[in-house]
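In what follows, a single structure is set out as structure tokens and then discussed.
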Amino acid sequence: MSTAAIAINGAISVGAYLMTVRMIPRLREMFIKANLCGKDLCKKDKPQVPESYGVIIGCVFLISMFLFIPIPFAFDEAAAMDAVTGGKPVTFPHNKFVELIAALLSICCMIFLGFADDVLDLRWRHKLLLPTIATLPLLMVYYVNYNSTTVMMPNFARSLFGTSVNIGMLYYIFMGSLAVFCTNAINILAGINGLEVGQSLIIAASVLLFNLIELSLGHQVESHQFSLYFMIPFFATSLALWKFNRYPSQVFVGDTYCYFAGMSFAVVGILGHFSKTLLLFFLPQILNFLYSTPQLFHFVPCPRHRLPKYDAKADLLHISTTEFRMKELNSLGRLMVTVLRVLRLISWQEQADGRVITNNFTLINFVLVVFGPVHERVATQMLMGFQVLCTLLALFIRYPLANFFYAIET
């Protein structure tokens, strides 16, 4: 696949950015009229803001990719015919074409399911099941085109397991779980202006940087070019959305964008063959998931919404809280809460009647526990800054540190 295809992809992405910037304000009244709107609870006047704008971004992204579909194959065919004496026809790369179409199908499914969630307010079990189903086209293409389920072992484990281990079906379970995690991880770490799109932009930029580094080293060239084809238009459309979603938000993105972003990352991670590196770029989301586990799995009472509380007088965010009695928790719940309390990762207030009041277990609330009440813009900046630091750590782990654990590049 040629550099010219990437250049054309970039040009299409610029057009997608400009198109998105023009569409977002013009569709505001249409969304409000359709009752796809909500109040911004972290503002003094609680303005009405149109939401579910992720469906617009997803549609522009799909249009961009549909326009791009013939480009890489046209350049592939032209280059191959030049290389063959006499310019004889060459075999069309059906496997690459099916890979591209399956990736777009999975993303399209998640945009549809995300919009259904925004409109119908699906239950959590559906949010776990539907991404799994949407991943099936990816897994089938991976099985037909590659079916590589071998995992390289680090140096310290090679005396026990050898250089590599074929884990078979477990590898497909891992890839399916990766898609489910990515689609929900961004959705869990959300709720303040610009955070969903901001973290997605940083992850996308991290993936783009990683792809460019790998291409400069000549590693898995086709896989990383495939990733660029998706990440460039994703970054462009998300950047346009962030212009309107950052503080103070003029639009809300809804679950549609979170699902769209998560599946886009899962697609390039799985078919680009860097799923482990992708997880490194999701370090804040992983930490947020682990921190939220006691509430997500109902070991500790979990309210419907865990957003920070807004103090209108001071214009600051405060921790939101949950309360319980230790004796009402099961043994595992008590253990989790005790560990978090000993490590000082949660606030703790014991009441005279035996109730305990603590913060909700989210990374946003944890920032407020550590730094105290802050402005919404500052909270978003802190979390995005943490995302950037985690990207730098991920790149350090992937390159300098990996050489200590692996004899060859992975």
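Just the heavy atoms: all of them, side chains too, but no hydrogens, waters or symmetry mates, feed the values below.
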| message | Checking the side chain of S275 only, and the main-chain atoms of G269 only, is there a donor and an acceptor separated by less than 3.5 Å? | response | no
| request: Say whether, by atom type as modelled, one donor and one acceptor occur between the side chain of N187 and the main chain of D255 under 3.5 angstrom. | output: no
Could you list the donor-acceptor pairs under 3.5 angstrom formed between side-chain atoms of residues 332-344 and any protein atom two or more places apart in sequence or on another chain?
from	atom 1	to	atom 2	distance (Å)
R334	NH1	L329	O	2.5
T338	OG1	R334	O	2.7

| message | With a sphere of 6.0 Å drawn around NZ of K46, does it hold more than 12 non-hydrogen atoms of other residues, nucleotides or ligands? | response | yes
| request: Take L383 and Q199 through the test side chain to side chain contact (heavy atoms under 4.5 Å, CB included) and record every step on the way to the result. | output: CA-CA 8 Å; L383 289 164; Q199 63 184 297; over 6 Å; no
| said: If you define the side chain from C-beta out and look only at heavy atoms, does anything of N360 sit under 4.5 Å from Q295? | reply: yes
| task | Examine distances only and state if a side-chain atom of T380 and a backbone atom of L195 form a donor-acceptor pair shorter than 3.5 Å. | result | no
| query | Counting N and O atoms only, with roles assigned by atom type, does the side chain of N288 sit under 3.5 Å from a partner on the main chain of L363, one being a donor and the other an acceptor? | reply | yes
| query | Between L317 and I192, is any pair of side-chain heavy atoms under 4.5 Å apart? | reply | yes
| Residue pairs fulfilling ring pair (Phe, Tyr, Trp, His ring centres under 6.0 Å) with at least one residue in residues 288-315, sequence neighbours excluded | Y291-F361, Y291-F366
| Between R398 and E214, is a side chain to side chain contact (heavy atoms under 4.5 Å, CB included) present by the stated rule, with each step listed? | CA-CA 11 Å; R398 178 60 181 81; E214 290 293 288; 3.9 Å; yes
| field | Pairs where residues 104-120 contributes a residue and the test salt bridge (charged side-chain N to carboxylate O under 4.0 Å, His left out) is met, not counting sequence neighbours | value | D117-K127
| task | Among F230, F210, Y229, find the residue that satisfies the ring-ring contact (aromatic ring centres under 6.0 Å, His included) test when tested with H224. | result | F210
| Heavy atoms from other residues, nucleotides or ligands near OH of Y172 exceed 12 (cutoff 6.0 Å) | yes
| remark: Applying ring pair (Phe, Tyr, Trp, His ring centres under 6.0 Å) to F252 and not counting sequence neighbours gives none
| field | Partner set under ring pair (Phe, Tyr, Trp, His ring centres under 6.0 Å) for Y259, not counting sequence neighbours | value | none
| message | Can you tell me if K43 has over 12 outside heavy atoms packed within less than 6.0 Å of its NZ? | response | yes
| said: Could you work out, with salt bridge (Lys or Arg N to Asp or Glu O under 4.0 Å) as the rule, every residue matching E328, not counting sequence neighbours? | reply: none
| With a 4.5 Å limit on heavy-atom distance, are the side chains of N193 and D40 in contact? | yes
| field | Check: V151 main-chain N/O paired with S164 side-chain donor or acceptor under 3.5 Å | value | no
| Candidate list N184, I364, T362, test side-chain contact (heavy atoms from CB on, under 4.5 Å), partner L189, passing option | I364
| message | I'd like to check M384 versus L201 (side-chain heavy atoms, cut-off strictly below 4.5 Å). Are they in contact? | response | no
| Mind checking whether I69 and L100 have side chains closer than 4.5 Å, heavy atoms only? | yes
| OH/Y143: more than 12 non-hydrogen atoms of other groups inside 6.0 Å | no
| So do the side chains of F226 and P72 get within less than 4.5 Å of each other, counting heavy atoms only? | no
| message | Quick one, L27 with V251, criterion side chain to side chain contact (heavy atoms under 4.5 Å, CB included). Give me CA distance, side-chain angles, the key distance, then yes/no. | response | CA-CA 10 Å; L27 295 176; V251 299; over 6 Å; no
| said: Do Y399 and L395 make a side-chain contact, defined as non-hydrogen atoms from C-beta onward lying under 4.5 Å apart? | reply: yes
| task | Might you work through the side chain to side chain donor-acceptor pair (under 3.5 Å) test for Y53 and Q250, ending with a clear yes or no? | result | CA-CA 10 Å; Y53 257 69; Q250 301 175 49; over 6 Å; no
| field | T321 side chain reached by N365 side chain, heavy atoms, under 4.5 Å | value | no
| field | Derivation and outcome, side chain to side chain contact (heavy atoms under 4.5 Å, CB included), residues S148 and Y142 | value | CA-CA 8 Å; S148 174; Y142 186 89; 3.9 Å; yes
